[in-house]
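Read the structure below first, then the notes.
Because only heavy atoms are used, hydrogens play no part in the values below, and waters and symmetry mates are left out as well, while side chains stay in. Along the sequence shown, residues carry numbers from 1.
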Amino acid sequence: MSSSEVDTATLCLFDVDGTLTAARQKATPQMLQFLSKLRQRVRVGVVGGSDLSKIKEQLGEDVIERVDYVFAENGLVAYRFGQLHSVQSIQAYLGEDILQDFINFCLNYLAKIKLPKKRGTFIEFRNGMLNVSPIGRSCSQQERIEFFELDKKEKIREKFVAVLKEEFAGKGLAFSIGGQISFDVFPEGWDKRYCLGIVEQDSYKTVHFFGDKTKPGGNDYEIYADPRTIGHEVTSPDDTQRICEELFS
């Protein structure tokens, strides 16, 4: 990418898993260098379904200073230009009754399905969402890959989400399948498009979004298809870098 003044009217927003890093892995030094160079050309932000601690594990403890925007939990925990911008709460929004009914139903469903392996942390409570994992988030990297391959064939997460959509119809909940072992649950409208309401305040002419789970049901689909963004489907971190270099060379 050739150097020039920063185009402050253009923003590049990146998903994390599968886009900037391999799933739940740390970004390579090459990727971090690429983001630093890109930031000399345009504004740069990341938007992930994971909480801030996981994004820091993958992109570095200094990620809030390294990019212009960090949107954890789809933007429900938002950092803008190095400062905390806003935090939303699923607990306050839904209320304890619906929240407990949902958690209890999930635990009951999980107790009835047999998998080759189950570990721990099946439901992770985040600020703006719940993350549900049939195998459990404490599985090893090898167990994660094994489950992902099984899920491709047996649609374990897809079937689970279908049951939840039927059981909790009309409760204002939305679901998205992302990564390899889990799916997110959040109030309708709290998908990755949520962050666009924040960046709109900064009046960008162009917002590019890069993500790998861009098909319907994937956790990048809504923001990828939103008319406020130019969506780019990527297949790997290398593919992300290639597309950006073509756009901004």
Side-chain angles (χ1 to χ4, degrees), residues 1 4-21 27 31-32 34-56 58-60 62-90 93 126-129 174 176 178 184 186-214 218-234 237 240-241 243-245 247-248:
M1 289 178 285
S4 63
E5 287 188 10
V6 177
D7 176 4
T8 57
T10 299
L11 170 65
C12 286
L13 273 176
F14 297 91
D15 166 53
V16 181
D17 276 355
T19 301
L20 295 179
T21 77
M31 177 56 77
L32 295 177
F34 160 73
L35 288 175
S36 294
K37 285 184 178 178
L38 182 63
R39 198 181 179 200
Q40 295 170 16
R41 294 292 313 278
V42 297
R43 293 272 168 83
V44 174
V46 297
V47 52
S50 296
D51 58 31
L52 183 62
S53 66
K54 291 186 180 66
I55 291 176
K56 284 183 173 182
Q58 292 177 265
L59 298 180
D62 60 347
V63 64
I64 292 166
E65 290 77 39
R66 191 182 284 274
V67 298
D68 300 298
Y69 301 89
V70 176
F71 297 118
E73 302 181 37
N74 295 347
L76 303 170
V77 177
Y79 284 81
R80 174 182 174 273
F81 303 129
Q83 301 295 319
L84 179 64
H85 178 276
S86 54
V87 179
Q88 297 296 333
S89 165
I90 189 173
Y93 187 87
R126 300 174 179 172
N127 285 290
M129 66 177 71
S176 72
D184 295 328
F186 43 83
E188 289 176 350
W190 286 20
D191 53 59
K192 285 183 180 175
R193 289 174 297 183
Y194 190 89
C195 75
L196 297 179
I198 297 170
V199 302
E200 276 181 331
Q201 299 167 22
D202 293 320
S203 303
Y204 291 102
K205 288 182 181 176
T206 308
V207 178
H208 294 275
F209 172 76
F210 302 82
D212 65 320
K213 295 287 192 297
T214 59
N219 67 351
D220 295 325
Y221 171 71
E222 289 85 2
I223 189 172
Y224 169 81
D226 193 283
R228 291 171 290 180
T229 69
I230 299 172
H232 305 273
E233 182 179 30
V234 304
T240 301
Q241 190 168 335
I243 293 170
C244 278
E245 286 172 345
L247 283 170
F248 302 109

*Rounded distance (nearest 0.5 Å) linking atom CG of Asp51 with atom CG of Asn127*: 8.0 Å
*Can you sort out the partners of Ser203 under side chain to side chain donor-acceptor pair (under 3.5 Å), two or more places apart, ordered by chain and number?*
none
*Among all residues two or more places apart in sequence or in another chain, which pass the side chain to side chain donor-acceptor pair (under 3.5 Å) test with Glu200?*
Arg228
*How far apart are the C-alpha atoms of Leu20 and Leu35, what are their side-chain angles, what is the distance that settles it, and do they pass the side chain to side chain contact (heavy atoms under 4.5 Å, CB included) test?*
CA-CA 9 Å; Leu20 295 179; Leu35 288 175; 4.1 Å; yes
*asked:* Testing Leu196, Leu11, Ile223 one by one against Phe209 for a side chain to side chain contact (heavy atoms under 4.5 Å, CB included), which residue passes?
replied: Ile223
*Heavy-atom pair with the smallest gap, counting every atom of Gly218 and Glu222*: O-OE1, 3.8 Å
*asked:* Could you walk me through whether Ile90 and Arg126 satisfy the side chain to side chain contact (heavy atoms under 4.5 Å, CB included) test, starting with their C-alpha distance in whole Å, then the side-chain angles of each, then the deciding distance to 0.1 Å, before giving a yes or no?
replied: CA-CA 8 Å; Ile90 189 173; Arg126 300 174 179 172; over 6 Å; no
*Minimum heavy-atom distance Gly49-Asn74, with the two atoms named*: CA-OD1, 3.6 Å
*Do Phe248 and His208 touch side chain to side chain, with heavy atoms closer than 4.5 Å?*
yes
_Atom pair CG (Leu76) and CH2 (Trp190), whose distance is rounded to the nearest 0.5 Å_ = 5.5 Å
*asked:* Working to the nearest 0.5 angstrom, can you tell me the gap between Arg43 CZ and Thr8 OG1?
replied: 5.5 Å
*In Å, rounded to the nearest 0.5 Å, how long is the span from OG1 of Thr240 to CG of Leu38?*
11.0 Å
_Trace of the side chain to side chain contact (heavy atoms under 4.5 Å, CB included) decision for Leu52 with Ile64_ = CA-CA 10 Å; Leu52 183 62; Ile64 292 166; 4.2 Å; yes
_Pairwise distance CE(Met129) to CG(Asn219) - rounded to 0.5 angstrom_ = 8.5 Å
*Return the orientation label for the Phe210 and His232 ring planes: parallel under 30°, perpendicular over 60°, tilted otherwise.*
parallel
*If you measure from CD on Glu233 to CD1 on Ile243, what distance do you get to the nearest 0.5 Å?*
8.5 Å
*Full working for side chain to side chain contact (heavy atoms under 4.5 Å, CB included) between Asp191 and Ser176*: CA-CA 8 Å; Asp191 53 59; Ser176 72; over 6 Å; no
*Heavy-atom check, side chain of Leu32 versus side chain of Arg66, under 4.5 Å*: yes
*Using modelled atom types only, decide if a donor and an acceptor are shared between the side chain of Gln58 and the backbone of Thr21 within a distance under 3.5 Å.*
no
*Partner set under side chain to side chain donor-acceptor pair (under 3.5 Å) for Asp202, not counting sequence neighbours*: Tyr69, Arg80
*May I ask you to decide if Val44's main-chain N or O and Asp68's side chain share a donor-acceptor pair within less than 3.5 Å?*
yes
_Keeping Asp220 on the side-chain end and Lys213 on the backbone end, is there a donor-acceptor pair under 3.5 Å?_
yes
*Does OH in Tyr221 sit with more than 12 non-hydrogen atoms of other residues, nucleotides or ligands closer than 6.0 Å?*
no
*For a salt bridge (Lys or Arg N to Asp or Glu O under 4.0 Å) with Lys192, tell me which candidate from Asp226, Asp15, Asp184 qualifies.*
Asp15
*Can you name the nearest heavy-atom pair linking Phe71 to Val199, along with the distance?*
CZ-CG1, 3.6 Å
*asked:* Less than 4.5 Å apart, side chain to side chain, heavy atoms only: is that true for Leu59 and Phe14?
replied: no
_Looking at every non-hydrogen atom in both residues, tell me the closest pair between Gly128 and Pro187 and how far apart they are._
O-CD, 4.0 Å
_Could you check whether any side-chain heavy atom of Cys195 comes within less than 4.5 Å of a side-chain heavy atom of Leu13, counting everything from C-beta outward?_
yes
